[in-house]
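These notes are about the structure you will find just below.
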There are 2 protein chains.
Amino acid sequence: MVLPRAARTQRRTRIQEEKEERILEAALEVFSLHGYRGATVDQIAEVAGMSKPNLLYYFRTKEAMHRALITRVLDTWLDPLREFDALGNPVAEIRSYIRRKLEMARDFPRESRLFANEILQGAPNIEDELKGPLKALVDEKAAVIRSWAKAGKIAKCDPYHLIFSIWSTTQHYADFDVQVRAVLGQENAGDGRFEDAARFLEQLFITGLEIHDPAN
Amino acid sequence: MVLPRAARTQRRTRIQEEKEERILEAALEVFSLHGYRGATVDQIAEVAGMSKPNLLYYFRTKEAMHRALITRVLDTWLDPLREFDALGNPVAEIRSYIRRKLEMARDFPRESRLFANEILQGAPNIEDELKGPLKALVDEKAAVIRSWAKAGKIAKCDPYHLIFSIWSTTQHYADFDVQVRAVLGQENAGDGRFEDAARFLEQLFITGLEIHDPAN
DNA sequence: TGTAATGTTTACCAACCGGTCAAATTATCG
DNA sequence: CGATAATTTGACCGGTTGGTAAACATTACA
């Protein structure tokens with residue numbers, strides 16, 4: 001009998017795990033490159049190296065595939081922000097947050113583009129995730145930053161917009177990679193632009209947030 | 001006889017100007033919301049208030065429409081950077097550049113999203129524009145910024161990444177509007193977030209780039 | 001006003017796309 | 001092995017999409 005994926009309650013087969021992994025990997029590749037509408041099931045199937053009906057045996061619809069992919073990626077995507085430590089040294093925490101985010105832009109550009117595509121198109125599938133868990137996490141960290149500012153450890157600033165600006169500057173190197181490369185020119189073929197970006201962003205944010213001559 | 005748009009060499013009719021204007025306006029609306037693949041010609045025709053064949057009488061293909069739209073918008077999109085004045089006061093120039101870009105994110109979010117979509121998908125249609133005119137303009141302004149740094153008027157920094165970070169932070173409020181709203185919550189329904197962002201970004205960039213006690 | 005050029009519409013098509021079905025193949029396990 | 005369940009495939013389907021053909025309507029202008 002044919003039992004589509006959603007109906008299986010028992011333990012998952014080795015084959016199931018392997019195939020679902022391969023499918024999500026292929027889906028990430030295709031969705032991140034063409035967006036939800038732009039991606040076709042045939043394309044994903046081809047990248048995954050299997051036939052379309054076979055793929056649809058594991059994920060019954062294109063949307064189910066996309067949903068599974070988003071939820072999986074969103075979780076790991078927020079890890080850097082979760083590591084933000086209220087007890088650590090403020091300047092050091094912000095610096096390492098920037099560095100972590102930039103490393104993710106370098107190492108997981110497809111994941112970044114997947115989200116960018118999703119948000120750009122109005123986030124039809126993850127609006128609840130944004131207003132719920134994401135907002136809660138940001139609220140929590142914003143409170144931490146605000147307390148640092150009040151304690152005089154960093155300059156006073158709007159913590160939400162600080163977070164937004166860290167997100168945007170770092171993810172820019174994944175989402176707008178084509179533009180960055182075009183402007184920097186051929187000579188920046190390697191990962192050098194990420195190191196340059198790290199230097200610049202550290203300077204910008206750290207200097208911009210430091211307390212200057214607090215006593216005088 | 002039917003002479004499609006591309007073949008017309010003579011002066012354009014009043015009707016042509018009106019209709020092409022309406023079409024490009026509708027195309028901007030739809031493309032910016034759904035991306036190239038996600039947009040349909042029927043949708044654009046409906047928004048433009050005309051039949052699909054009628055629309056295709058002015059732009060023979062969907063791609064031609066998209067190309068026309070991109071070229072037109074790209075030109076005005078770069079105006080703020082062009083206004084960057086080498087002879088002005090460095091700090092004031094950077095401040096007003098940030099403000100102009102933020103105003104564009106507020107007043108022309110569709111244009112911003114159109115580009116974001118295009119770049120995200122690998123900029124298949126405008127790669128030449130990026131590597132040519134855009135790069136040339138950025139190179140020119142980067143040289144200006146570098147000269148300011150050398151003259152000790154602003155802190156030393158990579159001018160390219162400075163420009164990138166201004167682009168990304170400001171455009172973020174157009175491209176990721178849904179996320180920004182979700183995180184900030186309902187109370188920020190108006191344009192308040194743009195004023196908050198302006199204050200924050202000015203503080204960040206100006207403080208981050210000022211020369212601190214150069215003499216001491 | 002007459003007429004040729006321009007503009008608009010209805011009906012249509014071929015390609016594509018997400019998804020189904022039933023049959024065939026392969027893995028699992030007593 | 002034998003049988004039952006899980007997996008894979010080719011053929012197919014209805015709806016959508018970009019685009020066309022040709023008849024019809026309107027405008028510009030001598």
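Letters A, B, ... are given to chains in the order of the sequence lines, protein chains preceding strands, and every chain is numbered from 1. What you see is a predicted model, and the numbers here were worked out from it, not measured in a lab.
The distance between atom CG of B/Asp42 and atom C1' of C/dT9, rounded to the nearest whole Å, is 14 Å. Put simply, CZ on B/Phe31 is 13 Å from P on D/dT17, counting in whole angstrom units. Between the CG atom of A/Leu56 and the P atom of D/dA6 there is a distance of 19 Å, given to the nearest Å. Rounded to an integer number of Å, the gap from NE2 of B/His34 to P of D/dT17 is 11 Å. Computed from coordinates, the B/His66 NE2 to D/dG18 C1' distance equals 15 Å when rounded to whole Å. One can place CZ of A/Phe59 at 16 Å from P of C/dG18, the figure rounded to the nearest angstrom. Separating the CG atom of B/Leu55 from the P atom of C/dG7 is a distance of 14 Å, rounded to the nearest angstrom. Computed from coordinates, the B/Tyr36 OH to D/dT17 C1' distance equals 12 Å when rounded to whole Å.
A salt bridge is defined here as a Lys NZ or Arg NE, NH1 or NH2 lying under 4.0 Å from an Asp or Glu carboxylate O, and A/Asp177 with A/Arg193 meets this definition. Using a cutoff of 4.0 Å between basic side-chain nitrogens and carboxylate oxygens, A/Lys141 and A/Glu93 are not scored as salt-bridged. With salt bridges taken as basic N to acidic carboxylate O contacts below 4.0 Å, one links A/Glu63 and A/Arg67. Using a cut-off of 4.0 Å between Lys/Arg side-chain N and Asp/Glu carboxylate O, B/Arg181 and A/Glu127 are scored as not salt-bridged.
Residue A/Tyr58 places at least one side-chain N or O closer than 4.0 Å to OP1 or OP2 of D/dT8. Here A/Tyr57 reaches the OP1 or OP2 of D/dT7: one of its side-chain N or O atoms lies under 4.0 Å away. An OP1 or OP2 oxygen of C/dT9 is reached within less than 4.0 angstrom by a side-chain nitrogen or oxygen of B/Asn54. Look at B/Lys19 and you won't find any side-chain N or O under 4.0 angstrom from OP1 or OP2 of C/dT6.
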List the atom pairs, with distances to 0.1 Å, where a side-chain N or O of residues 44-54 of chain B and a protein N or O form a donor-acceptor pair under 3.5 Å, not counting sequence neighbours.
from: B/Ser51; atom 1: OG; to: B/Asn54; atom 2: N; distance (Å): 3.3

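Residue B/Val41 has its side chain nearest to D/dG18 when only C/dG19, D/dG18, D/dA21 are considered.
Considering only residues two or more places apart in sequence or on other chains, A/Glu140 meets the side-chain hydrogen bond (donor to acceptor under 3.5 Å, both in side chains) condition with none of them. Every residue was checked against the ring pair (Phe, Tyr, Trp, His ring centres under 6.0 Å) condition with A/Phe205, not counting sequence neighbours, and none meets it. In terms of the ring pair (Phe, Tyr, Trp, His ring centres under 6.0 Å) criterion, residue partners of B/Phe84 (sequence neighbours excluded) are, by chain and number, B/Tyr97, B/Trp148.
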All N/O contacts under 3.5 Å from nucleotides 14-16 of chain C to the protein, with atom names and distances to one decimal?
none

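Atom CZ of B/Arg99 is surrounded by 12 or fewer heavy atoms from other residues, nucleotides or ligands within 6.0 Å.
Using a 4.0 Å heavy-atom distance criterion, A/Ala39 is classed as a sugar-phosphate-only contact.
Annotation: proximity of residues 44-52 of chain A to DNA chain C (heavy atom, distance under 4.0 Å) is found for A/Lys52, numbered in ascending order.
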